[in-house]
Amino acid sequence: MGSDPHQLSLLQGFGTPKNAPGTSPAAATNPVAQVLIETSLPHLDRIFDYVVPEALDAEAVPGARVKARFGGQEMSGFITRRTSNAPEGVKLAPLAKVVSAQPVLTDELLRLATAVAERYAGNVSDVLRAAIPARVAKVDKEFAARPEQPVAPDATSADGAGYPEPSAGAAEAYAGYEGAGDFLAQLAAGAAPRAVLASHKSYGRASWAAQVAHAVASVRQSGRGAVVVVPDAKDLASLEAELQQVLGADQYVRLTAEDGPTPRYRNYLRLLHGEVTVAVGTRSAAYAPVQDLGLVALWDDGDDLLLEQRSPYQHAREVLLLRSAQSGCAALFAGVSRSGEVERLVGSGWASALTPSRPFLRKATPRILNTADSFQQERDPMLRHARLPHAAWRAAQEGLERGPVLVQVARTGFSPALSCQDCRTPARCTDCNGPLAQSGRTATPACRWCGRLATNYACPECGSHRLRASVAGALRTAEELGRAFPGATVVSSSGDHIKSVVESKNALVVATPGAEPVAPEGYAAALLLDGNAMLSRESLRTPEDVLRKWFRAASLVKPSSEGGLVVVTADQEAVVAPLVRWDPAGAAAREMQLRRELQLPPAVRIAALTGKASGIEAFMADFELGGSLRSVGPVELPSREVQERPGESSEHRLLLFFSYQDGPKVTAALRHRKAALAAKRVPDPVQVRCDGIDLL
DNA sequence: GTGCGAGTATGA
DNA sequence: CATACTCGCACC
């Protein structure tokens with residue numbers, strides 16, 4: 001070909017009146033669309049330019065979802081900008097079509113997704129996949145027909161004459177919390193305070209949900225919007241109940257996968273167009289396109305549901321932290337317990353702690369009793385051989401006269417119940433008739449009720465000594481306990497049968513952690529039964545996680561002034577102590593102190609490289625360690641394959657440890673390396689995952 | 001993934 | 001010397 005090919009194509013692209021047959025003229029102004037292609041290939045995760053044909057000019061707005069020919073195939077992407085100048089030295093392909101003219105990728109969202117991708121050494125388009133709901137054609141039509149009405153949705157609409165002063169409701173929700181009034185006032189005044197809220201209740205007027213709802217109401221007084229993220233549907237229901245009280249049902253939208261594509265997309269567009277300015281939902285709601293954002297809030301950040309399950313495995317807390325930094329808005333992290341990450345925010349002074357005062361807490365929280373406590377055991381020598389620990393038994397019995405009683409049991413699989421290998425008769429404790437279970441890693445089965453070890457168990461039916469694991473979820477436990485407490489209505493909540501609310505006064509509610517229904521008046525008592533089994537899990541995170549589950553259950557129980565009592569049965573007194581004292585902040589501070597000394601997360605950041613040993617070696621070949629960056633491994637992972645194929649090398653994992661300060665540098669380098677290797681298509685690709693809490 | 005150009009093998 | 005084919009890599 002004789003002449004310069006770029007020259008030729010540019011002339012064509014810019015629409016000289018007479019074009020080659022088949023090419024349509026380009027748009028008159030800003031004929032170039034910068035498009036972010038949706039791909040999970042790291043080296044292609046960037047912006048490419050296309051010519052906008054005149055026919056697509058009107059629809060091809062920044063933020064629109066489009067299709068474009070890329071490489072061999074037509075791929076989808078989003079227009080990030082329209083510009084006038086084409087890049088030098090490339091010939092531009094035309095945009096194939098505009099899928100939807102709704103500008104779903106806003107500037108702000110692109111900036112956020114980019115920051116998240118950088119933080120996690122991942123792809124921008126992977127982040128966007130979680131952030132932008134699937135398009136629904138009929139919803140597009142609704143919005144196309146609707147006259148553009150960027151209503152100022154501010155303090156005028158629902159609140160009528162403005163928000164009813166530092167409302168009575170807000171005062172009640174935050175009673176006992178020093179500094180709360182100031183925090184709310186700052187929100188209302190348009191400032192951007194950042195706080196870590198130590199909620200103590202999960203029901204009633206002073207619940208975390210009420211507290212968060214009032215924070216949202218305050219920020220709305222300043223005319224700004226808010227985003228609230230919660231781990232699951234049950235928490236969302238609690239929050240929505242309060243928001244309806246405080247704001248009104250039409251003043252917010254929910255964004256959650258559970259609603260299905262149509263309402264989710266509709267709500268997304270309503271936010272996008274400023275029809276509503278408050279978004280609540282599960283983890284993907286962190287990206288909600290709220291206009292004029294004033295507050296991001298997160299409830300219970302320790303819940304692992306907030307961790308995205310797809311690459312780059314981002315956590316809603318980090319997303320919201322990045323977002324609040326970018327938009328300079330207020331931030332609120334609420335929880336009954338406190339995660340290590342949030343403790344860092346308090347420790348560094350980034351956020352202030354909103355904590356109820358000691359004397360207030362003493363009255364407002366239930367009494368906590370540890371039956372495994374040596375002091376208790378001395379006073380109650382019957383304990384080891386009683387049926388349920390005596391104290392637990394009595395707490396339940398007496399509690400049932402005053403209200404519902406919660407029994408928290410470990411999830412199925414944590415401590416599978418045992419039955420006879422030969423005749424399938426359920427294995428029972430010879431002392432108390434409770435179910436036997438394999439708890440943790442100890443070989444000897446133990447009674448789940450009294451904890452007694454069943455050494456040398458013999459089946460009462462056939463005399464066999466062999467035991468097999470059988471599934472005993474909350475359902476089975478409920479059955480067992482129902483027999484133990486005749487007269488009580490036994491309710492079970494776990495797995496896919498989660499109940500949000502329990503109304504019955506004399507219900508014995510058996511629930512797994514995270515599935516506990518709310519009792520509107522509070523539980524009279526709670527028994528936290530499987531502490532030892534839960535604590536036996538081998539993970540760096542275990543104590544924090546178990547404590548979190550206990551605190552959440554305990555926050556559902558009436559205060560001690562109304563007879564509320566929590567009985568916990570666990571041997572590790574160091575873990576139980578903060579619960580007994582109701583001191584989540586102290587527990588988090590101590591745990592973080594330990595982590596800092598050991599240089600373990602979340603005091604430092606980590607990245608895990610997973611893949612074939614050869615792949616990891618290639619990845620690390622000219623990767624510079626230094627500064628705070630150190631590497632551990634690689635170690636071979638226990639293979640999940642039933643049979644390792646000969647010649648096929650197994651998966652390995654290398655861990656990188658680095659400081660938060662060096663984080664951006666390290667993740668940028670990881671990302672760069674990933675892209676370079678992917679472009680070269682070196683064999684044995686390596687998966688990079690940052691700050692996976694379940695890795696250690 | 002796929003199309004394309006460079007480079008190389010192959011046959012007339 | 002012309003044509004067939006593979007390989008690598010850019011992809012707007």
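In what follows, chains carry the letters A, B, and so on, assigned in the order in which the sequence lines appear, proteins first and then strands, with residues in each chain numbered from 1.
The salt bridge (charged side-chain N to carboxylate O under 4.0 Å, His left out) search around A/D107 returns none, not counting sequence neighbours. For A/T667, there are no side-chain hydrogen bond (donor to acceptor under 3.5 Å, both in side chains) partners two or more places apart in sequence or in a different chain. Residues forming a side chain to side chain contact (heavy atoms under 4.5 Å, CB included) with A/A618 (at least two apart in sequence, or on another chain): none. Taking A/F70 as the reference, A/F48 meet the ring pair (Phe, Tyr, Trp, His ring centres under 6.0 Å) condition, with sequence neighbours excluded. When the salt bridge (charged side-chain N to carboxylate O under 4.0 Å, His left out) test is applied to A/E118, no partner is found at least two apart in sequence or on another chain.
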Going 5' to 3' through nucleotides 6-12 of chain C, assign each nucleotide B (protein heavy atom under 4.0 Å from a base atom), S (under 4.0 Å only from sugar-phosphate atoms) or - (no protein heavy atom that close).
-> ---BBBB
